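So that the names make sense, note that chain A is the first sequence line, chain B the second, and so on, each numbered from 1. Being a predicted model, the structure only gives us computed values, none of them experimental.
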Amino acid sequence: MQTEKTGAEKIIFISYLLIAGFVVVLLRLWQLQVLQGSELRKISESNRLRVIGVPAPRGIIFDRNRVPLVKNTPYFCASVIPQEFNKGSIAALSQLLNISEPELYDRITRKAASPFTPVRLREGLSFSEVSVIEARRSDFPGLLIEVETSREYMYGSVGSHLIGYLGKLNPAQSTDPSFKDVPPEAFIGQWGVEKLYDKTLRGTAGQRIIEVDAVGREIRLLYETAPVKGADLDLSIDIALQREAEKAFEGRAGALVALKTDTGEVLGLVSSPSFDPNQFAKGINYNDWKALMEDKKIPMLNRAIQSQYPPGSTFKILTAIAALEEGAIDTGTKAECRGGLSYGKWRFGCWQKKGHGIVSIHRALVESCDVFFYETGKRVGFDKVHDYAVKLGLGAETGIELGRERKGLIPNSAWKLETKKSAWFLGETFINSIGQGYVSATPIQLAVMMSAVANGGSVYKPLILKDTAPELVRKVELRQETLEIVRDALKGVVNESGGTGAASRSSMATVGGKTGTAQVVGLRKDSKYLSEKFRDHAWFVSFAPVEKPEIAMSVFVEHGGHGGSAAAPIAKKALEAYLLPQEKKKELLNVQN
Amino acid sequence: MFRIDRRFIQNFDWVTFFTIIVISIIGIMTIFSATRQPGDAPQASFYIKQIVWLLISICALIVIVSFDYIWLGRIALPLYVTGILLLVIVLVSGRTGMGAQRWLSLGFFSFQPSEFFKLMFIIMLASYYSLSREALHATALLRVFFMIVFLPFLLLFKQPDLGTAIVVFLIFSSVSLAKGFQRKLLVTLILIGLVSLPFVGNIAWTGLKDYQKNRLIAFIDPQADPTGIGYHINQSKVAIGSGEFSGKGYLKGTQGPFRFLPEKHTDFIFAVFAEEWGFMGSFFLLVLYFILLVRGLDTARKAKDDFGRLLALGITFMFAIYFFVNTGMTLGIMPVVGIPLPFMSYGGTALLSNFISAGVLINIRTRRFSLFY
């Protein structure tokens, strides 16, 4: 029984309860304000403060004559900060942005790096769409309009294998620490020069730190750092040459590499067919990507550095140099061509079935006599030819920075013993001496070789930027006499009657060159009646002007047929575009743009 | 009745009076800070209105203190019946605000009858309990429950003003406990409570409105969905925590004015205060409330009669319940129920009713010596 007397005790008991309650509140305050204080302070700051990245304009890529190849164009995007977005208004937002509700829900709720990082919802909004969204912004806390710049490639597919394109971070890159400064929705270089020099071109993004209220309205600007524009790049390529060359391919598959003979700068690097990097600039859609990947002509393959084929008769230049240097032949050495040569039970034909009659080194190169080079190869031995070919840049990567370059193959007896476990046959000397059989090379390797022959033996690493110091890979000591004999003969190929490279003859400069035809099937048939896929590959290597070489080139046309008819005219067009005076070049680019 | 003499001044409970004045001024300062619009002038209406209400409330307090509280006991029943009628009127013709029908418009101003009802209820309870000196037995308790508690509880639940309904129930329970139970009843009640807990929970659950359920879910796991139902609690915790030890400084808080914090000048005013004044300021505020409550208990202990004692206890319990439920909610240790912080939160009716209640406390203390009057 409790009575009135216990009232005072009861009140004391209640006081203890009261004190206990206050202690609980106090402890909780201590926990939140002191123990978790700094953490919660940060959350409150990120509530209030919004860091807005101001993208730096990407550096412009120019050609060697300061012709801009790309430009930056701004466009608008809609994003949302998941932390601040009210999921109840998804239906309304779906209507506003014209995105289906489930997709919108999925994008907003997908785990982001942080709930404060904006999630991109739509890109490439039109101006009228932007104004509609701006007008209704206050209905959608966390909704943002962001400005991005997209890259416009002014010459479309011209030079795309070299220039490259931009893309969003791929999954591997988004976890790579070297891309940690890149915002999740930003575009970075994913191919070619755009990728290689991405850091240079990218610049440093600026920041605006603003104070916002709960619906994301800017209250004031607290801090701002200006973006630093990415550095511009001057490529070594000549866009006029590049474009005329690509046009000259007329859609046929193939490649062209043009080098500056005294520095190794790449003046043109064509891989045909190419792709349009503008497709990638705002994010490529799946169907376009699939079409590119499934195209039988493989437009994404950089044929200039990644396709390797027997060099055909262009290889005779190397056989000739090896024989002349080793003293196996001289200008007086003659051979009789009756359209072929018998060796044991085999017969090795010359492409000219009538035969070339009695020929010396000069006419043998001019008319591309196979029999003479069978004999020459036999005299000097293919191991020697191998050594010169390798010294002049074949059988190994040229070192061009684009990467994933193929090596080609220059065989010798040691290689054969090792890989085929058998001795080298004389018959193999015959066919490899004229660039068939095991030998294979990429277009860029043959351009490097041609350049070295033109400049007197200097093998340079091909450079893709202008004004970089030339990188001499090696200097091959060749006798002046050898060089003169070969260059003179190459001049004859283009300029003398009966020369196989007449189609590259130009009124603007004296051209020296050598045609080549890589056999696709052993059986010889008249190419006119062969379906395209069995037709031979056409080669043409050249340099100009012969008197004072400036440019060396290699042209390769897949299933083009004869080098003289398919490849040589392309070389001529590229050369003539290169040789145009500056004003004429600009005119050419403007007129056809 | 109006005998204001030297002894009245001497015996007047200045401690309670100044404590609530200081809390109210802190409240007005905080309302000023919470309702300022970043970049613009503060919204004049809120803090000016509160100042006006404070002046009115002080006058009302003086009026309440000036006559002997014994009178309240005499008019307890008419007061209580008036209160019930007001609740019924609100239910029939009240103005709906924020999903609940709590307001009664009198043309020039609106007020919440439920704010005043609590005091009428306490007076009724104290008056009834003071009739008998015996500890409560089962039938007595049930009688009180069905006669005094059940109807208003139902009316408040229906409004719905869950906060006040809970407060009324808690006041009834605590005052009844203070009155004293027979041991048999106490044991029975504890047993019944333990057994029926799951069923009561279930019924309460199905009877709650969606937003009320969500608040409970959010209380249990506020991190589950930061943008949804737990938003209020999280933002409140962030506001309080970000004040750290010494606070961001007066008018430097951001959670309230930038609208991250909902109901910043009413239910969540403690969070706004704690953000700007930190642990130090919060501690000071807690001391003020502690003084108020302990003083209320002391008043009950010193009251000259049972009616005064139970009345003082009921009012003190009411303040304590409001204080703990509100701070507990803003601190994230109790469910979100829309309960204001007494004397601090914006709201004229609440301030007036709290001052009147405090006036009754002061009245009881001032007239603790039966000899003088």
Side-chain angles (χ1 to χ4, degrees), chain A residues 1-4 6-15 17-49 81-88 108-109 115 141-142 211-220, chain B residues 37-39 133-135 174 177-183 225-228 231 234-235 237-245 247-248 253-255 257-262 274-275 278-279 282-283 286-287 289-290 293-294 297-298 300-301 306 309 313 316-317 320 323-324 327-328 331-333:
Chain A
M1 284 285 168
Q2 304 204 340
T3 60
E4 179 60 13
T6 56
E9 288 164 31
K10 208 177 278 174
I11 284 170
I12 289 165
F13 176 71
I14 294 166
S15 307
L17 281 182
L18 204 64
I19 290 167
F22 273 97
V23 167
V24 168
V25 172
L26 215 56
L27 284 176
R28 177 64 171 175
L29 272 171
W30 180 264
Q31 184 192 17
L32 288 180
Q33 298 192 299
V34 179
L35 301 183
Q36 301 175 7
S38 56
E39 184 192 328
L40 291 171
R41 172 73 68 105
K42 267 186 225 139
I43 296 176
S44 118
E45 298 280 287
S46 59
N47 252 354
R48 174 179 71 99
L49 300 181
I81 298 175
Q83 163 77 21
E84 288 162 17
F85 186 70
N86 174 7
K87 290 194 193 70
I108 293 174
T109 51
E211 209 170 37
V212 293
D213 67 8
V215 288
R217 289 180 310 185
E218 178 171 344
I219 288 161
R220 63 170 174 260
Chain B
Q37 299 259 301
R133 301 207 122 201
E134 260 179 62
S174 53
L177 272 168
K179 160 81 180 158
F181 287 175
Q182 288 183 337
R183 186 154 299 148
D225 182 8
T227 53
Y231 182 86
N234 261 348
Q235 292 296 357
K237 276 157 65 178
V238 167
I240 294 168
S242 68
E244 297 184 83
F245 190 75
K248 290 180 180 173
T254 53
Q255 288 287 104
F258 291 7
R259 302 201 278 169
F260 294 105
L261 200 57
E275 183 187 10
F279 184 78
S282 309
F283 185 80
L286 292 194
V287 168
Y289 279 102
F290 186 74
L293 298 179
V294 167
L297 291 181
D298 191 55
R301 194 171 61 84
D306 265 5
R309 188 173 67 89
L313 275 179
T316 308
F317 287 155
F323 173 77
F324 284 114
T327 52
L331 287 164
I333 48 177

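- The side chain to side chain donor-acceptor pair (under 3.5 Å) pairs that include a residue from residues 19-30 of chain A are A:Arg28-A:Gln31, where partners are two or more places apart or lie in different chains.
- Interface residue B:Phe245: backbone and side-chain heavy atoms are both found under 4.5 Å from chain A.
- Here the NZ-OG distance, from B:Lys237 to B:Ser242, works out to 13.5 Å after rounding to the nearest 0.5 Å.
- Not a single ring pair (Phe, Tyr, Trp, His ring centres under 6.0 Å) links B:Phe317 to another residue, sequence neighbours left out.
- Ranking A:Leu29, A:Val34, A:Ile19, A:Ile14 against chain B, the residue ahead of the rest is A:Leu29, based on heavy-atom pairs under 4.5 Å.
- Using a 4.5 Å cut-off between heavy atoms, B:Ala274 touches chain A through backbone and side chain atoms alike.
- With a 4.5 angstrom heavy-atom cutoff, B:Ala320 touches chain A only via side-chain atoms.
- A donor-acceptor pair shorter than 3.5 Å can be found between the side chains of A:Ser44 and B:Lys248.
- Neither the backbone nor the side chain of A:Leu35 has a heavy atom closer than 4.5 Å to any heavy atom of chain B.
- Between A:Phe22 and B:Tyr289, the gap from one ring centroid to the other reaches at least 6.0 Å.
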